There are 2 protein chains.
Amino acid sequence: MTTAPDPGPHRWLSDEEQRVWRAYLHATTLLDDHLDRQLQRDAGMPHIYYGLLVLLAEAPGTRLRMTELAKRSKITRSRLSHAVSRLEKNGWVRREDCPSDRRGQLAVLTAEGAEVLRETAPGHVDAVRQALFDRLTARQQKALGEIMTIVAEGLQPDEEGADLPWLR
Amino acid sequence: MTTAPDPGPHRWLSDEEQRVWRAYLHATTLLDDHLDRQLQRDAGMPHIYYGLLVLLAEAPGTRLRMTELAKRSKITRSRLSHAVSRLEKNGWVRREDCPSDRRGQLAVLTAEGAEVLRETAPGHVDAVRQALFDRLTARQQKALGEIMTIVAEGLQPDEEGADLPWLR
DNA sequence: CCCCAATTGTTCAATGTTCAAGTAGATGCC
DNA sequence: GGCATCTACTTGAACATTGAACAATTGGGG
């Protein structure tokens, strides 16, 4: 039940919706910080940077165009550019010119980058499991997946050809 | 002696778990960015700062000790200190000495701060509704609340201050 | 061809965040 | 009281992020 029966000029959140929203904010803030610290300590990089290495590792040839990597990781090209520069300084990624488009750059996972991933992935998976999956029932895990898929799709600017093996 | 497909000593995420985890990362990243932009545009501050004003507005006397505000907003005291300095520069919050503990500081919502909140809250609620609640069934909203409460509680360092009489 | 709009990736300046001190006041114990 | 220790908050420097502006390149009509 919201407020008065009057449609009013504005529709607020009900008490229950507020509780849900606040729980969401708390949980996501805490989990994000938690994983950031875990990875900063164990892998020397923030969570988002780690995610970039994972995406590169999965890609054919362990390389992706900058824009494609930005799309998959849901960050801006600007942020990605900074991130890749930092990862490059660490020796975990290198840049290559794109052969088919002279504007393009490829981010390529280096052997060292793959090694870091190999070393730190188990600890990270443990952290995710411990903070999330181990605490939820199978039913809740399923629900979470459905909910998050809906939300992500609603906010996706316009995802075309998202999953095609885009590589040249 | 184990054989080739041995998963080893470590328990990875199943395919389904990976899907859920990725959906979670995508949705939370997109939603957080979305709301940050919405509030930066309409209220001139990031989402977290807005949340601080909300917490102050709800508190008795529209004021809270720094540490208490940090706990409720789930951010570090250091980050809070910087944030309050910025909000103070905007004239939306002011600091006061705590009468009962001379180490303490109170963050107090100013009239201007309350005004900003009044002006921007409807738009923010709309954004949250549109991105989240309007897309979920009642059942999903309930599940989301339960799941997020579990996750938050699992990561809470140790919440003993939740015993306030007027807590809602 | 030639223009012009769109795309790619980077850069700069302003802003926000983190982590490791640092200061000052409270607390407890003899 | 005197001393160690804990708590509250701030600070500064290093690092990360944002958004706008930019140069280079592409591609689609006339």
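Keep in mind the model is a prediction, meaning the values are calculated, not measured. Letters A, B, ... are given to chains in the order of the sequence lines, protein chains preceding strands, and every chain is numbered from 1.
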* Roughly, in whole Å, what's the span from CG in D32(B) to C1' in dT18(D)? -> 13 Å
* So with a 6.0 Å cut-off around CG of D134(A), is the heavy-atom count from everything else above 12? -> yes
* Asked: So which nucleotide from dG16(C), dT10(D), dT10(C) ends up closest to the side chain of S81(B)?
  -> dT10(D)
* At under 4.0 Å between heavy atoms, what does R41(B) touch on the DNA or RNA strands: base, sugar-phosphate, or nothing? -> nothing
* Structure fact -> Separation of dA6(C) atom P from R77(A) atom CZ, nearest Å, is 14 Å
* Kindly assign one of parallel, tilted or perpendicular to the pair W21(B) and H47(A), based on the angle between their ring planes and the thresholds 30° and 60°. => parallel
* Asked: Which word best sums up how the rings of H10(A) and W12(A) line up, parallel for under 30°, tilted for 30 to 60°, or perpendicular for over 60°?
  -> perpendicular
* For I48(A) and for R103(A), find the nucleotide of DNA chain D with the closest heavy atom, then tell me which residue's nucleotide is more 5'. => I48(A)
* **N/O donor-acceptor pair under 3.5 Å between Q105(A) side chain and R65(A) backbone** => no
* Asked: In terms of side-chain heavy atoms of R102(A), which of dC12(C), dA16(D), dT25(D) is nearest?
  -> dT25(D)
* Presence of R86(B) side-chain N/O under 4.0 Å of dG16(C) phosphate oxygens OP1/OP2 -> yes
* Which nucleotide in the list dA8(D), dT10(C), dT8(C) gets nearest to the side chain of M66(A)? -> dT10(C)
* **Protein-nucleotide distance (L80(A), atom CG; dT8(C), atom P), rounded to Å** => 13 Å
* Asked: Taking N and O atoms by type only, does the side chain of S78(A) place a donor or acceptor under 3.5 Å from a partner on the base of dT11(C)?
  -> yes
* For atom CD1 of I75(A) and atom P of dT8(C), their distance in whole Å -> 15 Å
* For atom CD of E119(A), decide whether the heavy atoms of other residues, nucleotides or ligands shown that lie under 6.0 angstrom number more than 12. => yes
* **Spacing of E68(B) atom CD relative to dC9(D) atom P, expressed in whole Å** => 10 Å
* Can you tell which of dG9(C), dC9(D), dT17(D) lies closest to the side chain of Y49(A)? -> dT17(D)
* **Length of the CD-C1' vector between Q105(B) and dG25(C), whole Å** => 12 Å
* Do any side-chain nitrogens or oxygens of R65(B) fall under 4.0 Å of OP1 or OP2 in dC9(D)? -> yes
* Mind calculating the distance between CG (L87(B)) and P (dT17(C)) to the nearest angstrom? => 10 Å
* **Residue closer to the 5' end of DNA chain C, Q40(A) versus D101(A) (nearest nucleotide)** => D101(A)
* Given dT17(C), is OP1 or OP2 found less than 4.0 Å from the side-chain N or O atoms of R79(B)? -> yes
* Rounded to the Å, how far apart are H47(B) NE2 and dT17(D) P? -> 19 Å
* **Beyond-backbone contact of I48(A) with R79(A), side-chain heavy atoms, under 4.5 angstrom** => yes
* Asked: Hey, is the side chain of R37(A) poking within less than 4.0 Å of OP1 or OP2 on dC19(C), counting only N and O atoms?
  -> yes
* To do: Measure from the side-chain heavy atoms of H82(B) and tell me the nearest of dC19(C), dG19(D), dT8(C).
  => dC19(C)
